[in-house]
Every structure is written in C-alpha cells, then in structure tokens.
Amino acid sequence: MNLLDGKLVSAKIKEDIKQEAASFTAQAGRKPHLVAILVGNDGGSETYVASKMRNCELVGFESTNIRYDVDITEAELLAKIGEINEDPTIDGLIVQLPLPKHIDPDKVTEAIDYRKDVDGFHPINLGRMQRNLPCFIPATPYGIMLMLEHYGIETSGKKAVVVGRSNIVGSPMSILLARNSTPGNCTVTLTHSRTANLKEEILAGDIVVAAIGRKNFVTADMVKEGAVVIDVGINREESAETKSGFKLYGDVDFEGVSKKASWITPVPGGVGLMTIVGLLKNTLEAAKGTIYPK
Ligand code: GUN
C-alpha cells in the first residue's frame with residue numbers, strides 16, 4: 001500500500017500558488033479576493049469555511065467571510081450575491097452548502113456570476129467541463145485529479161467506480177474521469193443508492209472514489225486487490241480523544257482496505273486538503289482572468 005498524501009501534495013501546490021499570488025498582487029496592486037457566504041451555524045460548514053479563509057491568508061489572498069442567521073430570506077441572499085457579482089474587487093464567490101430548507105440551492109448557484117463561480121457549480125461551468133472547455137472545476141474533484149496527476153497514477157483504460165452521485169463530488173468526478181484528458185480516459189460507473197449489486201460494481205473498480213458520506217462504508221471485501229482508493233468522506237463524530245472534540249472518519253474502512261489497495265488516501269490528511277487546493281487554484285484563475293478574460 002502506498003499513501004496518496006494530501007498533506008505533502010497540498011503543501012507543494014500551495015507554495016506554487018503563493019508565488020503566483022505574489023506576482024498577481026505586484027502587477028494588479030491588489031490581492032486575489034475570495035468571498036465565502038455562510039448561512040446558519042452548522043458545525044461542519046463553520047469548520048470548512050474557516051479552513052478556506054485561513055488557507056487564503058496563507059497563500060496571500062484576501063478573504064471575506066459573510067455570515068447570515070439561518071432565517072435570512074432567499075431574496076436577501078440573492079440580493080447580496082447580485083451585489084458581489086458587480087464588485088470588481090471580488091474575484092471568487094462561494095456559498096457554503098448545505099443551505100437551510102427555505103432557500104433553493106439551485107437558484108443560489110445560478111445567481112452567482114459564472115465568472116466568479118470558483119466552486120464550479122454553475123450549469124455553465126458544469127457544461128463547459130463536460131465539453132472539456134476551460135472552466136472552473138468543482139474543488140473536490142479538481143483536488144483529486146491534481147492528486148492523481150502528482151503521483152502519476154495511470155488512469156487511461158482503467159475501470160473507475162464512483163460511489164455517490166452528488167452535485168458536489170460524485171457527478172462531476174464521473175465526468176472528469178471519463179473525459180479525454182490526463183488524468184482521465186477511464187470507463188466510469190457512477191453508483192448510487194439505487195444501484196443493484198453495489199458490492200460487485202465496486203469490486204470491479206481499478207479506481208474507486210467513495211463519496212457517500214457514510215463512515216467506513218467501503219470495506220476490504222468490496223475492493224479489488226491492487227485498486228486505487230480515493231476516500232472523500234469527512235464524517236464527523238464527537239470524541240473525547242481530540243482537542244477539537246471531534247474525530248473524522250472516511251467513507252472507507254482504511255484499516256482493512258489499505259491491506260488490498262495499491263494506493264489509498266487517508267482521512268484526515270487526504271482529499272480534504274486537496275479540496276482547499278482546488279478552490280485556491282480556481283480563485284487565482286478567477287483573479288488572473290485566464291479562464292474568463294476580464
Ligand atoms: N459543502 C460541502 N462541500 C462544499 C464545497 O466544495 N463548496 C460549497 N460551497 N459547499 C460545500
């Protein structure tokens with residue numbers, strides 16, 4: 001078993017981003033600027049947004065966190081997004097998901113100017129991604145592709161099984177792995193809660209991406225000997241063992257699966273750190289106007 005080490009790869013890529021951000025700042029007279037909107041006080045979302053903001057500072061970006069109470073109206077939120085869309089000093093905007101039930105996440109996603117959509121969730125970016133055109137790629141799948149690229153994992157002609165069809169991870173991941181690019185050129189099976197014979201599907205995978213949000217769901221008996229296993233799960237449970245009071249568990253039973261996998265990501269220290277890198281890279285591209293010229 002070899003470790004796909006998110007700590008190592010993210011540190012290396014963040015160093016490159018930091019240098020590029022410094023060049024941008026010297027030329028433009030301002031830093032790349034990311035705004036994150038957080039509605040309510042979901043513990044997980046608070047942690048993720050705080051980490052995104054902290055990492056922006058680390059690489060020399062400006063970051064703004066706008067917080068709203070859980071009862072903000074959809075109209076108020078959409079109005080704020082409209083304001084940010086028009087602000088030339090803001091390069092990237094993300095609205096942390098999930099949102100409260102009374103706010104339609106599709107409306108919110110489509111309200112964000114696709115040129116500032118550094119989450120890559122807007123239908124224009126998703127459509128362009130599917131067509132292999134320049135676009136913002138959703139941060140987690142983007143981070144996973146950067147990880148595969150860093151370690152030179154052969155993907156062409158391989159059978160990839162993605163477990164979970166979310167808009168944020170599973171669905172875009174399946175598109176990226178199937179695209180005619182490197183990494184890519186996989187034969188992809190996108191599995192979900194209605195998939196028949198899920199275990200057999202996963203067992204056929206040379207590459208398995210687990211993104212279902214269930215602690216230790218993928219066990220050793222479900223994985224082919226020598227498979228590359230990517231664990232997207234960040235399942236938080238209260239724990240007296242850690243300083244934060246929480247412990248993270250992946251969607252993969254690392255203990256068992258690592259004995260069969262050729263490569264595997266740990267949790268924590270794997271995909272989560274690469275998601276941040278994906279977001280930072282998108283924000284830098286948004287500032288530079290390389291994908292969508294300003
Ligand atoms: N919630 C879980 N992951 C993400 C993400 O990548 N972006 C946003 N905006 N919300 C999320």
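Just follow the structure's listing: the first ligand is 1, and inside any ligand the first atom is 1. What's counted below: heavy atoms across the whole structure, side chains too, no hydrogens, waters or symmetry copies.
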J.: How long is the straight-line distance from CZ of F246 back to OG1 of T242, given to the nearest 0.5 Å?
T.: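 T242 OG1 to F246 CZ: 8.5 Å, rounded to 0.5 Å.
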
J.: Can you pull the residues with any heavy atom under 4.0 Å from ligand 1?
T.: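 Ligand 1 is contacted, at a heavy-atom distance under 4.0 Å, by K52, V95, Q96, L97, D119, F121, I168.
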
J.: Considering residues at least two apart in sequence or located in another chain, which fulfil the ring pair (Phe, Tyr, Trp, His ring centres under 6.0 Å) criterion with Y151?
T.: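 Here the qualifying residues are W263.
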
J.: Could you grab the distance from atom NE2 of H122 to atom NZ of K116, nearest 0.5 Å is fine?
T.: 13.5 Å

J.: Can you list every salt bridge (Lys or Arg N to Asp or Glu O under 4.0 Å) pair that touches residues 10-35, not counting sequence neighbours?
T.: E20-K288, R30-D91

J.: My understanding is that only residues two or more places apart in sequence, or in another chain, count here; which of them pass salt bridge (charged side-chain N to carboxylate O under 4.0 Å, His left out) with K80?
T.: E83

J.: Judged by modelled atom types alone, do N125 and Y292 share a side-chain donor-acceptor pair under 3.5 Å?
T.: yes

